[in-house]
Amino acid sequence: MNTNSIFPAACVASGLPKPVAEYRFTMLRRWRFDWAWPQHLIALEVEGAVWVQGRHTRGSGFVKDMCKYNHAAMDGWRVLRCQPKSC
């Protein structure tokens with residue numbers, strides 16, 4: 001079983017709605033949330049490679065993520081962020 005099936009099952013078992021994987025929240029860009037509950041405007045972003053200078057922690061990727069999260073917030077989304085081991 002991979003995380004794409006474990007996480008939704010864990011959410012449902014905990015009494016939460018099933019999240020949508022790779023949810024495209026705007027048509028203006030190709031932005032997607034790792035996991036989303038669109039009916040509640042809540043998203044979860046799993047920030048990988050935090051300790052090895054991955055895309056999300058290098059300058060360009062970090063700035064692009066900020067733009068994405070700010071756009072989502074202006075559209076009413078609440079974005080939660082975590083690293084894989086804390087999810």
Side-chain angles (χ1 to χ4, degrees):
M1 208 178 238
N2 64 29
T3 56
N4 283 344
S5 58
I6 293 172
F7 182 68
C11 288
V12 171
S14 299
L16 298 170
K18 183 178 178 181
V20 178
E22 294 296 319
Y23 182 77
R24 187 170 180 180
F25 69 95
T26 181
M27 299 315 271
L28 300 175
R29 303 278 299 264
R30 293 184 192 176
W31 288 326
R32 298 175 191 273
F33 291 132
D34 294 329
W35 297 100
W37 293 265
Q39 65 276 27
H40 301 288
L41 294 179
I42 296 174
L44 176 64
E45 284 286 280
V46 182
E47 308 289 3
V50 174
W51 301 107
V52 294
Q53 292 298 308
R55 187 194 88 67
H56 297 285
T57 59
R58 285 181 282 168
S60 175
F62 187 81
V63 170
K64 288 176 183 175
D65 282 349
M66 285 192 304
C67 183
K68 172 182 168 179
Y69 301 148
N70 289 340
H71 184 88
M74 290 187 299
D75 283 350
W77 284 88
R78 283 176 272 167
V79 181
L80 306 173
R81 299 170 62 201
C82 69
Q83 59 180 331
K85 291 184 180 181
S86 65
C87 294

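In this chain, numbering begins with 1 at the start of the sequence shown.
Across every non-hydrogen atom of Pro17 and Trp37, the tightest pair is O-NE1, 2.8 Å. When all heavy atoms are compared, the tightest approach of Asp75 to Leu41 is O-CD1, 4.3 Å. Residues Val46 and Asp34 come closest through the heavy atom pair N-OD2, 2.6 Å.
In this structure, CZ on Arg30 lies 14.0 Å from NZ on Lys68, to the nearest 0.5 angstrom. Annotation: the span from Phe25 atom CZ to Leu28 atom CG amounts to 9.0 Å, rounded to 0.5 Å. Once rounded to the nearest 0.5 Å, the distance linking CZ of Phe33 with CG of Leu80 reads 10.0 Å. Atom NZ in Lys64 sits 13.5 Å away from atom OH in Tyr69 (nearest 0.5 Å). If you take CD on Glu45 and CH2 on Trp31, they are separated by 11.5 Å, rounding to the nearest 0.5 Å.
Looking at Val20 and Pro38, their side chains come closer than 4.5 Å, going by heavy atoms from C-beta outward. A heavy-atom distance below 4.5 Å is found between the side chains of Trp35 and Pro8.
By the 6.0 Å contact criterion, CE on Met66 is enclosed, its count of non-hydrogen atoms from other residues, nucleotides or ligands being greater than 12. The number of heavy atoms from other shown groups lying within 6.0 Å of CZ (Arg24) is above 12.
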